[in-house]
Undergrad: 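The following block contains the structure, expressed as C-alpha cells.
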Protein chains: 2
Amino acid sequence: MARAQTLSRNQQIVLDIIEKAKGPLKAYSILFNVQKKGINAPQQIYRALDKLIGMGKIHKIESKNAFVACRSSDCEISKATAFSICESCEMVDEISDTKLSKYLSGFNHKKGMKFKRFNLEFFGICKKCKKD
Amino acid sequence: MARAQTLSRNQQIVLDIIEKAKGPLKAYSILFNVQKKGINAPQQIYRALDKLIGMGKIHKIESKNAFVACRSSDCEISKATAFSICESCEMVDEISDTKLSKYLSGFNHKKGMKFKRFNLEFFGICKKCKKD
DNA sequence: TCAAATATGTTATATTATAACAAACGTTAT
DNA sequence: ATAACGTTTGTTATAATATAACATATTTGA
C-alpha cells in the first residue's frame with residue numbers, strides 16, 4: 001500500500017526545488033542544483049520525480065520534458081491536468097477550471113474507450129510577453 | 001514562403017513509413033527502417049519530421065516521443081490536436097470531434113493568455129485490450 | 001523481530017534530439 | 001542561361017533525456 005503523505009529525503013529535496021522554482025524545471029537542472037546535497041546521479045532524480053508524480057505533487061509538462069509543482073488540489077493525483085504554456089518565456093501555468101475539467105472527464109471517445117486520465121497543453125504568448 | 005504541397009525525397013520516405021504504420025513510430029525506429037534507402041543519420045529523420053509536423057502531415061505524441069500520421073483534415077496545421085492513447089497496447093487514435101475542438105479553441109485562460117494551439121492526450125484501455 | 005516493501009547509491013548504458021558545417025539541388029528574376 | 005537565394009541533403013560529433021541492473025540500507029508493519 002502506498003503511503004502518499006510522508007516524503008523520503010530525496011523526494012523532499014527534489015520537491016522543494018521544484019516548488020521554489022518560478023518555472024518548469026528539467027531533470028538535469030534539478031540534478032545540478034542538488035549535487036551539494038549529496039545527490040549525484042540522474043537515477044536518484046528520476047526516481048524521486050516518478051514518486052512525486054505518482055503522489056500528484058508535481059506534474060510533467062510533456063511538451064517540454066520539464067516538471068512543475070502541482071498548484072491545484074483539484075487534479076486528483078493527476079488524473080486531469082491542463083496547462084497554459086507561453087511559447088516565448090516558457091512560463092507554465094496550471095489551469096484549474098472545474099467546467100473544463102468536468103467537460104473533459106466526461107468526454108468519452110466514440111470508439112469505445114473509457115478514459116482514465118487526460119493531459120491538456122495550451123500554447124500561446126502570455127500577457128507579459130505580449131507587452132514587450 | 002512555404003511550399004507545403006510537394007514533399008522532398010526524405011520527407012516523402014519518412015511520411016510513407018509513418019502512414020503505413022499501425023501505431024506511433026519513434027524517430028530511431030523510423031531511422032532503422034529507412035537505412036536501406038540511404039538515410040543514415042538521425043538528423044535526416046528529425047529534419048523530415050519537423051517539416052512534416054509544420055505541414056500538418058504528422059503529429060508528435062508528446063507523452064510517447066512518437067509520431068503518427070494525421071488522419072484528420074480538421075486539425076488545421078496542427079493547431080488543435082487530440083488523441084486517445086491505450087496504456088496497454090500503445091495504440092493511438094486521433095480524435096476528430098468538432099464540438100471538443102470548438103470548445104477548446106474557444107477556451108481562453110483567465111489570466112489573459114490567448115491560445116494559439118492546444119494538444120490533448122487522453123489515456124485509458126482500449127476496447128480491444130479490455131476484452132483480453 | 002523478522003519479513004516485506006521502499007528507498008538509496010552507484011556504474012553503466014540506452015534513447016532522444018540538436019549543433020555545426022559543407023555540398024547539392026530548386027526556384028526565380030534577370 | 002546564370003546568378004542569387006532558399007531549401008534540402010549528407011555527415012560527424014555531441015548534447016540532453018531517461019532507464020537498466022545490482023548491491024545496500026532504511027522503514028514499516030505483522
Side-chain angles (χ1 to χ4, degrees), chain A residues 1-18 21 23-68 77 87 90 92 119 121, chain B residues 1-18 21 23-55 57-68 87 90 92 119 121:
Chain A
M1 189 68 86
R3 266 181 316 161
Q5 27 268 47
T6 54
L7 298 180
S8 76
R9 196 187 95 96
N10 288 1
Q11 288 158 15
Q12 190 64 62
I13 290 171
V14 170
L15 179 58
D16 283 349
I17 298 238
I18 295 176
L25 290 183
K26 306 210 149 212
Y28 276 74
S29 113
I30 295 169
L31 175 57
F32 298 140
N33 273 287
V34 299
Q35 286 186 324
K36 48 199 160 201
K37 300 209 171 148
I39 297 182
N40 307 299
Q43 249 319 348
Q44 296 172 287
I45 303 299
Y46 282 104
R47 283 199 287 227
L49 290 172
D50 282 350
K51 294 292 177 179
L52 291 168
I53 288 170
M55 296 172 193
K57 300 278 190 189
I58 65 171
H59 303 298
K60 180 172 188 181
I61 307 301
E62 295 287 358
S63 61
K64 300 174 78 68
N65 297 318
F67 303 85
V68 295
I77 315 292
E87 289 175 315
E90 313 265 282
V92 170
N119 179 56
E121 299 182 3
Chain B
M1 186 70 87
R3 267 182 314 162
Q5 27 269 46
T6 54
L7 299 180
S8 77
R9 196 187 93 97
N10 288 1
Q11 287 159 16
Q12 191 64 61
I13 290 172
V14 169
L15 179 58
D16 284 349
I17 298 239
I18 295 175
L25 290 184
K26 305 210 149 212
Y28 276 75
S29 112
I30 295 169
L31 175 57
F32 297 141
N33 272 287
V34 299
Q35 286 185 323
K36 48 199 161 200
K37 299 208 172 148
I39 298 181
N40 306 300
Q43 247 322 346
Q44 296 173 287
I45 303 298
Y46 282 104
R47 282 199 288 229
L49 290 172
D50 282 350
K51 294 291 177 180
L52 291 169
I53 288 170
M55 295 172 192
K57 300 278 188 188
I58 65 171
H59 303 299
K60 180 171 186 181
I61 306 302
E62 295 287 357
S63 62
K64 299 172 80 66
N65 298 318
F67 304 85
V68 296
E87 288 174 314
E90 313 266 282
V92 170
N119 179 55
E121 299 182 1

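Each chain gets a letter, A, B and so on, in the order the sequences are listed, and its residues count up from 1. Nothing here was measured: the structure is a model prediction, and the numbers come from that model. Quick note: numbers below take in every heavy atom, side chains included, and nothing from hydrogens, waters or symmetry partners.
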Undergrad: Return yes if some donor-acceptor pair links the side-chain N/O of B:Lys60 with the main-chain N/O of B:Asp50 below 3.5 Å, else return no.
TA: no
Undergrad: May I have the distance from A:Gln11 (atom CD) to C:dT8 (atom C1'), rounded to whole angstrom?
TA: 11 Å
Undergrad: In B/S/- notation, 5' to 3', how is nucleotides 19-24 of chain C contacted by protein heavy atoms closer than 4.0 Å?
TA: BB----
Undergrad: For A:Lys51, which residues count as a side-chain hydrogen bond (donor to acceptor under 3.5 Å, both in side chains) partner, sequence neighbours excluded?
TA: none
Undergrad: For C:dT8, does either OP1 or OP2 sit under 4.0 Å from a side-chain N or O belonging to A:Gln44?
TA: no
Undergrad: Using a cut-off of 4.0 Å on non-hydrogen atoms, how would the nucleic acid contact of B:Lys64 be classed: base, sugar-phosphate, or nothing?
TA: nothing
Undergrad: With the threshold set at under 4.0 Å for non-hydrogen atoms, list the residues of residues 29-41 of chain B touching DNA chain D in residue-number order.
TA: B:Asn40, B:Ala41
Undergrad: Take atom NZ of A:Lys51 and atom P of D:dT19, then tell me their distance rounded to the nearest Å.
TA: 14 Å
Undergrad: If you assign B:Arg9 and A:Ala27 each to the DNA chain D nucleotide with the nearest heavy atom, which residue ends up on the more 5' nucleotide?
TA: B:Arg9
Undergrad: Starting at CG of A:Asp50 and ending at C1' of C:dA7, how long is that distance when rounded to a whole Å?
TA: 13 Å
Undergrad: What is the distance, rounded to the nearest whole Å, between atom CD of A:Gln12 and atom C1' of C:dT8?
TA: 16 Å
Undergrad: Is the shortest heavy-atom distance from the side chain of A:Leu7 to the side chain of A:Val14 under 4.5 Å?
TA: no
Undergrad: So, does B:Glu121 use its side chain to make a donor-acceptor pair with the main chain of B:Glu62 at under 3.5 Å?
TA: yes
Undergrad: Return yes if some donor-acceptor pair links the side-chain N/O of A:Asn40 with the main-chain N/O of A:Gly38 below 3.5 Å, else return no.
TA: yes
Undergrad: Does the side chain of A:Leu25 reach to within under 4.5 Å of the side chain of A:Asn33, using non-hydrogen atoms?
TA: no
Undergrad: Does B:Asn10 place a side-chain N or O at less than 4.0 Å from the phosphate oxygens OP1/OP2 of D:dG10?
TA: yes
Undergrad: Expressed as a whole number of angstroms, how long is the span from B:Ile13:CD1 to D:dT8:P?
TA: 14 Å
Undergrad: Atom CG of A:Leu49 and atom C1' of D:dA16: how far apart are they, to the nearest Å?
TA: 15 Å
Undergrad: Can you find a pair of side-chain heavy atoms, one from B:Val92 and one from B:Lys64, that are under 4.5 Å apart?
TA: yes
Undergrad: Given C:dT16, is OP1 or OP2 found less than 4.0 Å from the side-chain N or O atoms of A:Asn65?
TA: no
Undergrad: Just wondering, do A:Met55 and A:Gln11 contact through their side chains at under 4.5 Å, heavy atoms?
TA: yes
Undergrad: Nearest whole Å is fine: how far is C:dT10 P from A:Ile45 CD1?
TA: 13 Å
Undergrad: Between D:dT17, D:dG10, C:dT8, spot the one nearest the side chain of A:Tyr46, thanks.
TA: D:dT17
Undergrad: Any side-chain N or O of A:Ser8 below 4.0 angstrom from OP1/OP2 of D:dT26?
TA: no
Undergrad: Quick one: does A:Asn10's side chain get under 4.5 Å of A:Val34's, heavy atoms only?
TA: no
Undergrad: Can you check whether B:Ile18 reaches B:Leu49 side chain to side chain, under 4.5 Å on heavy atoms?
TA: yes
Undergrad: Below 3.5 Å, does any donor atom in the side chain of A:Tyr28 face an acceptor in the base of D:dA15, or the other way round?
TA: no
Undergrad: How long is the line joining CD of A:Glu62 and P of C:dT16, in whole Å?
TA: 13 Å
Undergrad: Can you check whether B:Lys26 has a side-chain N or O nearer than 4.0 Å to OP1 or OP2 of C:dA14?
TA: no
